[in-house]
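Structure first, commentary second.
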Amino acid sequence: MKNIKNKFRILAPFWISILIASCGGVIDDVSEDTARINIEELITPEAAIDLEGFNTAVQAVYSDFRLNTQLNDHVAPAWSGDDMAVVNVKAAFVEFDSRSVTETNARTLATWRQLNNVLALIATTINSIEDNVAENIDDASEEQLVFSNLYLGELRFLRSLIFHQYVRVFGRGFLLVNAGQPVNTLATAEETYRQIEEDLLFAEENLFNIHPDANGPGADRPNVGSAKALLARVYMDWAGFPVEDVSKYALAAEKSLEVIQGSGTFGFDLVSDFESLWSLSNQNNAEGVFIVEFNGEQQADRQDNRKYGPVGFSGDDGGWDETFSEIKFWEDFPEGPRKDGTFRADLEDAWPNYVNISQPVYTKIAGPEGELNTSAFNTSRTDYYIRYSDVLLMFAEASSRAGQESPLSWEALNQVRRRAYPSGTPDLGPGDGDLAEIAFDERKWEFAGEWIRWYDLVRTKKVQEALSDRAPRTTRNASGDLLEEENPITGSLETDNYFAPIPADIVSENPGFEN
C-alpha cells in the first residue's frame, strides 16, 4: 500500500474539519453494536474507499478491545509483584501472588482467549482495509490514503499492545497477523519483538501528531507520540530478560527522548497533582500518553471498567478483596505527595484491623475518597497504558544503561521526583549514585498498583531480590499483633519460573503448542 509521508501527518485544524465534513463524518460516534459488526460486510474490496466505514470498523475494534480488557484477567500476572496483594479466596490471583502458577489457571486462560478475540478482529479489519485500498488505489485521493494509513496505524498499534502482553505473560508470542491463516507454532520472544517493532514503526510513520477523534492527547486514539512511547517500552523489555539484547537500551532512550522533545506537539505533560490522576473528573489529562476510556453509565453496551471500585475495598467494607498493596511495600514507600495520592489516607487506621484482608488500600484502585464505592462495579475509570512519567523514567534509565547519560537524563528523573516529594527536596545528579538504578527504583513507587512493577522485575531479573522478604516489619493491629503477609511465596523465584505456562486448554486445542 502506498504510504503518505510526513507532510500529511501534521494537519491544520481547519483542513481537518473540511476533510471530516467531506467524507461523511469520519469521527461520528458508533453504536453499541460496533464490536459485533461483520467487518467483511462493512468493508468489501469492490466498494469505493469509504473513510466513514473504515473509521466505524476501527472504532468497533476499540470497542472489542475494551470489552475484552474490562476485567482483571489480562493483568493477573502483576499480582506477582511486590506491590500487589490479594485475599486467599481469589485462587487464580493467589497463584501469581505466591509464584505457583498452574496450566489450569483460569485467569491465564481468559487472558489468552480475550486477547485472541481482539487479534482476530484486528486481522480481519486490516485485511479488509488493505484489500479495499488496493482495489481502488488508482482512483484514491491523497487524503483518502492519509486516513486509510492512519486507521491501519491505529490497528497495528493496538496489535502491538496485544502481542506485547502475550510475550510479557507467557514469554512467547501468538502472532496472529493474517485473518484466516492458522498459527501453528508460538513465536519466540525475539520474533515477537521484531513483529511489534515493525508494527510500531508503521504506526509512528502514519499516525497523526494529534488524532482528530481523541478526547485527550492519547485518549483511546493513539498519536505519533503514543507509538514512540510504546516502542520505547518494548525496547526496554527487549534489552532485558529473556532476550537481553542490551543494544536496545539506546533505542529505548532515543524513542523516549523523541517523545519528551515532542511533548508539546503531542500534548503530553505531567499533571501537577498526583492524586488527581485517579479522579473521574480528570480522566483525559495530558499525562495520558495512551489511555483507554470506559463509560460505566452506559451499561447496555458493556463499555464499563471493572478493575476498580469494589475490587479495591476489603470485604469488611463490602468490597471484593481483590487488589491491594503489600504491607511491606507500603511501609517502605517514601513519604510525600505521591504516597499521599497512592493510598487512601482515610482508611489508614482501619485496614490493619480488617478481618478479610488487612492490606493497604490503593486510591488508584478504590478511587479517591467519595468517588467510587463498593457498589460501583460498573465504573467509568480510565486505564492508563502509558503515562508521561513512564516516558521520563524510561529515558533516564535507558540512557544510563546505554552509556548515554546526560543532564537531560537527570532532568527527566527529577521532573518526576519534584512532584513526588515535598517541596524543597533537592534534585539528584551524577554524584548521587547510579542513575539507572535510581530511575528503576523511582518506577517502583511511581507505578505502584498499576500492573507494571512485575514486568520491571522480570526484565531486570530482580524477582528474587524483590520477593525474598515481603514480611511486614512494623504494622500492627489494635491488639498489638504484628501483621503477616498474604500468600507467602511457594514457587521458585528463579528465571525458569518468570512466565506463566501456556493454558492446558490452549495446548490441547493446538497440537503445535507446548510448554
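Values reported hereafter were calculated over all heavy atoms of this structure, with side chains retained and with hydrogens, waters and symmetry mates removed.
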Approximate separation, where rounding is to 0.5 Å, of D97 CG and E326 CD: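 Reported to 0.5 Å precision, the distance equals 5.5 Å.
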Considering only heavy atoms from C-beta outward, does the side chain of [X] approach that of [Y] to under 4.5 Å?
| X | Y | result |
| --- | --- | --- |
| L109 | I506 | yes |
| L119 | L115 | no |
| V146 | F208 | yes |
| Y388 | F266 | no |
| S128 | F54 | no |
| P242 | F499 | yes |

Examine the side chains of [X] and [Y] and answer whether a donor and an acceptor come within less than 3.5 Å of each other.
| X | Y | value |
| --- | --- | --- |
| Y193 | E198 | no |
| E95 | N105 | yes |
| S80 | R99 | yes |
| Y249 | Q404 | no |
| Q59 | D213 | yes |
| S226 | N223 | yes |
| S389 | R387 | yes |
| E405 | S409 | no |

Mutual orientation of the aromatic rings belonging to W238 and Y235 [parallel < 30°, tilted 30-60°, perpendicular > 60°]: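 Parallel: the ring planes of W238 and Y235 meet at under 30°.
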Ring geometry between Y385 and F290 (parallel below 30°, tilted from 30 to 60°, perpendicular above 60°):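 It falls in the tilted class, 30° to 60°.
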Please check this pair: side chain of [X] against backbone of [Y], looking for a donor-acceptor N/O pair closer than 3.5 Å.
| X | Y | value |
| --- | --- | --- |
| D50 | G53 | yes |
| Q70 | D304 | yes |
| N136 | N132 | yes |
| N497 | S492 | yes |
| Y166 | N116 | yes |
| K90 | W320 | yes |
| W79 | W451 | no |
| S263 | I260 | yes |
| D245 | A239 | no |
| S508 | D505 | yes |

Less than 4.0 angstrom from a charged side-chain N to a carboxylate O is my criterion; do [X] and [Y] meet it?
| X | Y | answer |
| --- | --- | --- |
| E258 | K255 | yes |
| R66 | D383 | no |
| E244 | K461 | yes |
| R401 | E437 | yes |
| E190 | K248 | no |
| D456 | K444 | no |

Within 6.0 angstrom of E514 CD, more than 12 heavy atoms from elsewhere: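 Counting other residues, nucleotides and ligands, CD of E514 stays at 12 neighbours or fewer.
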Side chain to side chain contact (heavy atoms under 4.5 Å, CB included) evaluation trace for T323 with V86: CA-CA 6 Å; T323 311; V86 63; over 6 Å; no
With sequence neighbours excluded, tell me which residues meet side-chain hydrogen bond (donor to acceptor under 3.5 Å, both in side chains) with [X].
| X | answer |
| --- | --- |
| T188 | E191 |
| D73 | R107, Q114 |
| D82 | R453 |

Among Y308, F447, W278, ring-ring contact (aromatic ring centres under 6.0 Å, His included) partner for Y384: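 Exactly one option meets the ring-ring contact (aromatic ring centres under 6.0 Å, His included) with Y384, and it is W278.
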Stepwise side chain to side chain contact (heavy atoms under 4.5 Å, CB included) test for L158 and V118: CA-CA 9 Å; L158 279 179; V118 187; 5.9 Å; no
F440 six-ring centre to K462 NZ/CZ under 6.0 Å and within 45° of normal: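 Geometry flag: set, cation within 6.0 Å and 45°.
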Face-on cation placement of R459 at F241 ring, 6.0 Å and 45° thresholds: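 No, a cation-pi geometry is absent between R459 and F241.
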Can you see which heavy atom on [X] is nearest to which on [Y], and at what distance?
| X | Y | result |
| --- | --- | --- |
| G81 | L457 | CA-CD1, 4.4 Å |
| V58 | I129 | CG2-CD1, 4.5 Å |
| R172 | A187 | CB-O, 3.2 Å |
| L393 | A439 | O-CB, 4.1 Å |
| R306 | V311 | O-CG1, 4.0 Å |
| E397 | A436 | CG-O, 3.8 Å |

Evaluation steps, ring-ring contact (aromatic ring centres under 6.0 Å, His included), between F96 and W454: CA-CA 10 Å; F96 284 102; W454 168 248; 8.3 Å; no
Chi angles and distances behind the side chain to side chain contact (heavy atoms under 4.5 Å, CB included) call for H164, R233: CA-CA 10 Å; H164 191 211; R233 178 180 284 179; 3.9 Å; yes
Residues which pass side-chain contact (heavy atoms from CB on, under 4.5 Å) with A123, listed by chain and number, not counting sequence neighbours: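 For A123, the residues satisfying side-chain contact (heavy atoms from CB on, under 4.5 Å) (neighbours in sequence not counted) are A179.
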All side-chain contact (heavy atoms from CB on, under 4.5 Å) counterparts of T382, not counting sequence neighbours: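 For T382 the side-chain contact (heavy atoms from CB on, under 4.5 Å) partners, ignoring immediate neighbours, are Q283, N284, I291.
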Candidate pair F324 and Y362, rule ring-ring contact (aromatic ring centres under 6.0 Å, His included), full reasoning: CA-CA 6 Å; F324 298 88; Y362 275 124; 8.5 Å; no
Derivation of the side chain to side chain contact (heavy atoms under 4.5 Å, CB included) call for T108 and F170: CA-CA 9 Å; T108 55; F170 301 105; 4.1 Å; yes
Steps toward side-chain hydrogen bond (donor to acceptor under 3.5 Å, both in side chains) verdict (E154, Y62): CA-CA 10 Å; E154 290 186 77; Y62 283 111; 2.5 Å; yes
Test salt bridge (charged side-chain N to carboxylate O under 4.0 Å, His left out) applied to D199 - qualifying residues, sequence neighbours left out: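 Partners of D199 by the salt bridge (charged side-chain N to carboxylate O under 4.0 Å, His left out) criterion, ordered by chain and then number, come out as R156, R159.
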